[in-house]
A.B. asks: 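What follows is a single structure, and I will ask about it in a moment.
Counting starts at 1 for both ligands and their atoms, in listed order. Everything numeric in this text was worked out from a predicted model, so none of it was measured.
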Amino acid sequence: MADSSVSYKCPNCGAPLSFQPGKKTVTCEYCDTEFEVSAIEELFRDKQETAARAAEAQEAKWATDDAGSEWSIDEAKTLHAFTCSSCGAELVCDENTMATECVYCGNPTMIPKRFDGMLKPDYVIPFKKTKADAVAALKEFYKGHLLLPSNFTANNRVEAIQPMYVPFWLFDSKISAEAAFRAAKIRTYTSGNDVVTETRIYNCRRAAKMSFERIPVDGSKKMEDAYMESIEPFNYGELVPFSAAYLTGYLADKYDVTAETCATRADKRVENSAVDVLRSSVEGFDECELEDAAVVKDVGKVSYAMVPVWILTTRYNDKPYTFMMNGQTGKVVGSLPYDSTKALLYPALCSLVLIPVLYFVLSMMME
Ligand SMILES: [Zn+2]
Ligand SMILES: [Zn+2]
């Protein structure tokens with residue numbers, strides 16, 4: 001053990017510990033704390049095991065190949081694809097539906113193309129909100145925005161809102177998690193003329209098995225995460241097995257981020273949530289700091305789902321402004337420009353009205 005002393009650190013202050021051969025205890029030269037050698041060795045062994053498991057966790061893969069399935073030949077025949085000549089978005093719909101304009105950039109020329117390269121989803125959350133709901137929500141959203149350019153509020157513009165399914169990868173996992181925390185209890189008291197601060201350090205190790213269901217990661221690069229997050233959550237309890245019938249009359253955004261690419265984000269979310277759960281069980285301390293953690297997937301299942309949104313993008317001064325509504329819950333998000341000519345006009349109008357009023361008030365006071 002003697003020459004490996006550098007690897008052993010004081011659990012209290014982190015300084016390197018120097019072991020004296022044959023001694024059962026070791027004293028930290030920096031903070032003067034005395035430890036049992038066997039306790040230090042055990043702690044070190046635990047750390048090594050956690051590190052080994054963390055490395056193993058990096059290797060455990062999600063079963064991304066199982067997500068989605070192939071369309072039957074008949075189903076594929078009824079599907080059409082359109083691509084936006086301006087931003088490259090690719091939308092899929094059934095043979096009786098048209099992508100009239102690009103939902104992402106507002107470009108009105110969508111070019112038909114052969115349908116291919118999209119898997120059949122496993123699940124779908126069906127639309128609950130109708131077009132009338134979406135139009136009403138949009139009008140409500142515009143209400144009170146007097147400076148909004150009039151091409152936004154025109155009736156035919158409002159009616160152009162389209163229903164679209166957004167692709168999501170859902171990650172289910174069963175994991176074994178373990179983490180080490182360095183916790184402290186701090187007590188201050190007076191002894192004679194001295195104020196004494198006593199800090200007790202505890203090494204807390206926690207381990208648990210957990211399961212996570214349907215951690216969503218969106219599979220569309222075109223869809224802005226900030227927008228999507230604003231209209232979340234979706235109630236995944238209402239997921240139903242997908243059938244092509246759900247596409248009738250609706251658009252579907254073709255995913256452009258694969259399940260494998262999304263897996264890193266899913267792993268990060270699982271790991272953070274697992275560590276939070278473990279941390280919440282370290283109770284009754286004044287401080288608690290994570291030292292190391294290992295999360296190992298025992299099962300990692302991935303499915304491909306579609307969630308419903310109503311979406312409309314209107315361009316103004318060459319910039320796209322998007323309005324979106326959660327097609328299940330009705331939650332909305334949007335951005336609005338303002339019309340600078342109207343902005344100049346309004347104060348002018350106001351002063352035209354105000355000047356005679358002021359004049360009248362002043363003249364009353366003068367009398
Ligand atoms: Zn020390
Ligand atoms: Zn576009």
Side-chain angles (χ1 to χ4, degrees), residues 1 4-20 23-44 47 80-93 97-113 115 117-118 151 157 160-167 180-186 197-203 218-228 250-257 287 289 291 309-324 334-335 337:
M1 166 181 271
S4 62
S5 56
V6 186
S7 322
Y8 293 81
K9 284 188 178 153
C10 169
N12 187 21
C13 72
L17 288 176
S18 306
F19 292 86
Q20 299 301 313
K23 276 201 161 180
K24 282 199 160 155
T25 58
V26 58
T27 305
C28 172
E29 288 168 23
Y30 294 84
C31 71
D32 268 345
T33 321
E34 194 181 15
F35 303 97
E36 295 277 327
V37 171
S38 58
I40 295 288
E41 280 180 320
E42 195 182 320
L43 206 65
F44 187 71
K47 278 201 166 178
H80 288 229
F82 290 89
T83 176
C84 170
S85 56
S86 170
C87 77
E90 206 175 322
L91 304 175
V92 170
C93 52
T97 310
M98 282 274 291
T100 46
E101 61 176 48
C102 178
V103 295
Y104 290 116
C105 72
N107 169 25
T109 25
M110 295 296 284
I111 301 158
K113 73 179 279 270
F115 168 77
M118 185 175 105
N151 59 328
R157 188 64 211 139
I161 194 162
Q162 298 184 91
M164 178 178 76
Y165 289 109
V166 179
F181 300 92
R182 186 178 186 275
K185 276 186 186 169
I186 301 163
T197 303
E198 177 193 276
T199 308
R200 284 165 187 255
I201 307 287
Y202 297 80
N203 278 288
D218 90 75
S220 169
K221 242 183 269 173
K222 288 265 170 322
M223 175 60 73
E224 267 189 57
D225 289 345
Y227 272 80
M228 211 55 212
Y250 299 100
L251 306 174
D253 184 11
K254 186 172 144 183
Y255 56 82
D256 52 7
V257 189
E287 281 170 10
E289 206 176 286
E291 288 214 299
V309 301
W310 282 96
I311 182 167
L312 178 70
T313 297
T314 304
R315 297 190 77 82
Y316 177 70
N317 277 349
D318 229 25
K319 272 214 213 119
Y321 293 89
T322 300
F323 170 84
M324 259 168 61
S335 57

A.B. asks: Atom SG in Cys102, atom CZ in Phe82: separation rounded to 0.5 Å?
C.D. replies: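 Going from the SG atom of Cys102 to the CZ atom of Phe82 covers 12.5 Å.
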A.B. asks: With rounding to the nearest 0.5 Å, note down the distance linking CD in Glu34 to OG1 in Thr25.
C.D. replies: 4.0 Å
A.B. asks: Just distance, no hydrogens or angles: give the donor-acceptor pairs under 3.5 Å from side chains in residues 103-110, sequence neighbours left out.
C.D. replies:
{"unit_1": "Tyr104", "atom_1": "OH", "unit_2": "Asp253", "atom_2": "OD2", "d": "2.5"}
{"unit_1": "Asn107", "atom_1": "OD1", "unit_2": "Thr109", "atom_2": "N", "d": "3.1"}
{"unit_1": "Asn107", "atom_1": "OD1", "unit_2": "Thr109", "atom_2": "OG1", "d": "3.0"}
{"unit_1": "Asn107", "atom_1": "ND2", "unit_2": "Ser85", "atom_2": "OG", "d": "3.1"}
{"unit_1": "Asn107", "atom_1": "ND2", "unit_2": "Thr109", "atom_2": "O", "d": "3.4"}

A.B. asks: Going from OG1 on Thr97 to CG on Leu251, what distance comes out if it is rounded to the nearest 0.5 angstrom?
C.D. replies: 7.0 Å
A.B. asks: Suppose we screen for side chain to side chain donor-acceptor pair (under 3.5 Å). Which residues come up paired with Glu90, at least two apart in sequence or across chains?
C.D. replies: Lys113, Lys254
A.B. asks: Does Lys9 come within less than 4.0 Å of Glu291, counting only side-chain N to carboxylate O?
C.D. replies: no
A.B. asks: Using a distance threshold of 2.8 Å, what protein N/O/S atoms lie below it relative to the Zn ion (ligand 2)?
C.D. replies: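 The answer is Cys84 SG, Cys87 SG, Cys102 SG, Cys105 SG.
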A.B. asks: When you measure from the side chain of Gln162 to the backbone of Glu101, do you find a donor-acceptor pair of N or O atoms at a distance under 3.5 Å?
C.D. replies: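 Checked: pair present.
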A.B. asks: Please list, in chain and residue-number order, the protein N/O/S atoms closer than 2.8 Å to the Zn ion (ligand 1).
C.D. replies: Cys10 SG, Cys13 SG, Cys28 SG, Cys31 SG
A.B. asks: If you draw a 6.0 Å radius around CZ in Arg200, do more than 12 non-hydrogen atoms from other residues or ligands fall strictly inside?
C.D. replies: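 It does not: Arg200 CZ has 12 such atoms or fewer within range.
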A.B. asks: How many angstroms lie between atom CZ of Phe35 and atom CG of Leu43, to the nearest 0.5 angstrom?
C.D. replies: 9.0 Å
